[in-house]
Amino acid sequence: QSVLTQPPSVSGAPGQRVTISCTGSSSNIGADYDVHWYQQLPGTAPKLLIYRNNNRPSGVPDRFSGSKSGTSASLAITGLQAEDEADYYCQSYDSSLSTSGVFGGGTKLTVL
Amino acid sequence: QVQLQQWGAGLLKPSETLSLTCAVYGGSFSGYYWSWIRQPPGKGLEWIGEINHSGSTNYSPSLKSRVTISVDTSKNQFSLKLSSVTAADTAVYYCAREGGVVYWSGYYGGRTYYMDVWGKGATVTVSS
């Protein structure tokens with residue numbers, strides 16, 4: 001059972017907008033800890049997609065954006081493309097566990 | 001461009017010790033903490049533990065009794081050992097760099113970071 005809860009799957013058609021939620025609690029996201037997002041393409045290592053809630057590393061398209069409010073965070077993908085089909089993970093710090101090594105369970109994005 | 005290259009035994013029998021090494025190329029080693037993360041087949045990411053250049057470690061509570069992470073600064077390498085493995089330890093094991101460190105964050109403090117560089121992963125299978 002992950003400390004951060006993500007929907008197991010989401011889907012969307014090419015060109016559409018999808019969002020992936022990451023729900024935490026008062027000991028992590030709700031305690032104003034940053035949320036980071038990773039994209040894992042099939043058969044590859046995870047790649048940092050969004051850091052500190054809403055920042056994109058160099059090379060990440062601006063179709064990807066992040067937000068945070070209360071005890072939850074969201075990853076939004078606009079103009080969905082076939083190449084976006086991947087698993088997405090959120091990560092944050094948890095004060096009860098005293099570690100940043102806390103991941104959501106992951107969300108499989110299917111591009112229809 | 002920092003790169004992480006990892007290697008180790010890929011097939012183990014139950015009760016044996018898993019051993020993996022990760023080498024850091026092309027960047028600073030001493031300025032960072034370094035993590036091990038694993039991913040069982042078809043499942044999500046699980047943080048195992050971390051180490052810095054001076055050998056300071058932190059481990060996941062669920063694995064702490066079986067995990068040892070060590071560092072060799074002369075080679076810019078860090079290693080993972082996991083003892084008494086079972087089939088449940090079958091996974092892809094990743095090494096990663098902890099970037100963007102903030103030493104006091106949120107309401108309650110704590111060192112926060114994200115994984116900004118990852119190794120390609122090493123598959124470890126435990127089977128009799």
Side-chain angles (χ1 to χ4, degrees), chain A residues 1-8 22 24-53 55-60 66 68 71 87-108, chain B residues 1-6 22 32-51 57-64 67 69 91-123:
Chain A
Q1 190 78 351
S2 301
V3 172
L4 304 177
T5 300
Q6 298 180 233
C22 175
S25 67
S26 58
S27 64
N28 41 67
I29 300 174
D32 200 30
Y33 290 104
D34 291 331
V35 178
H36 320 293
W37 291 90
Y38 301 87
Q39 178 192 57
Q40 186 176 31
L41 297 170
T44 70
K47 165 192 158 186
L48 181 65
L49 190 67
I50 298 286
Y51 65 95
R52 294 188 191 137
N53 308 316
N55 296 279
R56 290 185 307 276
S58 175
V60 174
K68 190 183 84 167
T71 58
D87 294 322
Y88 294 85
Y89 294 91
C90 60
Q91 179 221 340
S92 186
Y93 182 92
D94 188 274
S95 59
S96 297
L97 301 173
S98 298
T99 179
S100 279
V102 175
F103 291 96
T107 299
K108 169 68 177 177
Chain B
Q1 184 79 347
V2 177
Q3 292 187 345
L4 305 184
Q5 182 177 343
Q6 50 184 118
C22 182
Y32 295 90
Y33 267 83
W34 305 88
S35 270
W36 286 101
I37 297 137
R38 71 180 182 178
Q39 184 173 35
K43 296 189 178 181
L45 303 170
E46 179 184 19
W47 183 77
I48 299 170
E50 64 185 358
I51 193 166
T57 55
N58 293 294
Y59 300 132
S60 167
S62 64
L63 296 169
K64 188 173 185 176
V67 172
I69 298 176
V92 177
Y93 286 74
Y94 296 101
C95 56
R97 187 179 77 173
E98 298 177 8
V101 175
V102 176
Y103 284 93
W104 183 271
S105 184
Y107 295 166
Y108 309 113
R111 181 175 59 86
T112 64
Y113 56 83
Y114 46 82
M115 318 296 185
D116 62 349
V117 181
W118 293 69
K120 292 186 176 181
T123 299

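Side chains included, hydrogens not; waters and symmetry mates left out as well; all remaining heavy atoms used. Chain letters run A, B, ... following the sequence lines, proteins first, then strands; residues in each count from 1.
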Which of the residues Ala31(A), Gly104(A), Gly101(A), Gly106(A) is involved in the greatest number of heavy-atom pairs with chain B at under 4.5 angstrom?
-> Ala31(A)
Among Gly99(B), Gly44(B), Ser60(B), Gly106(B), which residue forms the greatest number of heavy-atom pairs with chain A at distances under 4.5 Å?
-> Gly106(B)
What part of Asp116(B) is in contact with chain A, defined as an atom under 4.5 angstrom from a non-hydrogen atom: side chain, backbone, both or neither?
-> both
When Pro46(A), Gly105(A), Ser27(A), Gly30(A) are compared by non-hydrogen pairs under 4.5 Å with chain B, the top option = Pro46(A)
Does a donor on one side chain sit under 3.5 Å from an acceptor on the other, for Ser35(B) and Trp47(B)?
-> yes
How long is the span from the CZ atom in Arg56(A) to the CG atom in Leu49(A), to the nearest 0.5 Å?
-> 9.5 Å
Proximity breakdown for Ser95(A) and chain B, heavy-atom pairs closer than 4.5 Å | side chain
Under 4.5 Å heavy-atom distance to chain B, tell me which part of Gln6(A) shows up: side chain, backbone, both or neither.
-> neither
Return the option, out of Ser105(B), Pro61(B), Ala96(B), with the maximum number of heavy-atom pairs under 4.5 Å with chain A.
-> Ser105(B)
Kindly compute the distance separating CG (Leu4(A)) from OH (Tyr89(A)), expressed to the nearest 0.5 Å.
-> 13.0 Å
If one checks every heavy atom of Gln39(B) against chain A at 4.5 Å, the contacting part turns out to be side chain
Which heavy atom in Leu48(A) sits nearest to a heavy atom in Val60(A), and how many Å separate them?
-> O-CG2, 4.1 Å
Verify whether one side chain among Asn28(A) and Ser92(A) offers a donor that lies under 3.5 Å from an acceptor in the other.
-> no
Top contributor to chain A interface from Tyr114(B), Tyr94(B), Tyr108(B) [non-hydrogen pairs under 4.5 Å] = Tyr114(B)
Which one, Arg111(B), Glu46(B), Lys120(B), leads in non-hydrogen pairs under 4.5 Å with chain A?
-> Arg111(B)
Would you confirm whether the ring centroid of Tyr38(A) sits within less than 6.0 angstrom of the ring centroid of Trp118(B)?
-> yes
Give a yes-or-no answer on whether the side chains of Glu50(B) and Tyr33(B) include a donor-acceptor pair shorter than 3.5 Å.
-> no
In terms of heavy-atom pairs under 4.5 Å with chain A, which of Gly119(B), Gly110(B), Gly121(B) leads?
-> Gly110(B)
Could you pull out the closest heavy-atom pair between Ile69(B) and Thr57(B), with the gap in Å?
-> O-CG2, 3.5 Å
By a 4.5 Å heavy-atom criterion (distance strictly below it), what part of Ser26(A) contacts chain B: side chain, backbone, both, or neither?
-> backbone
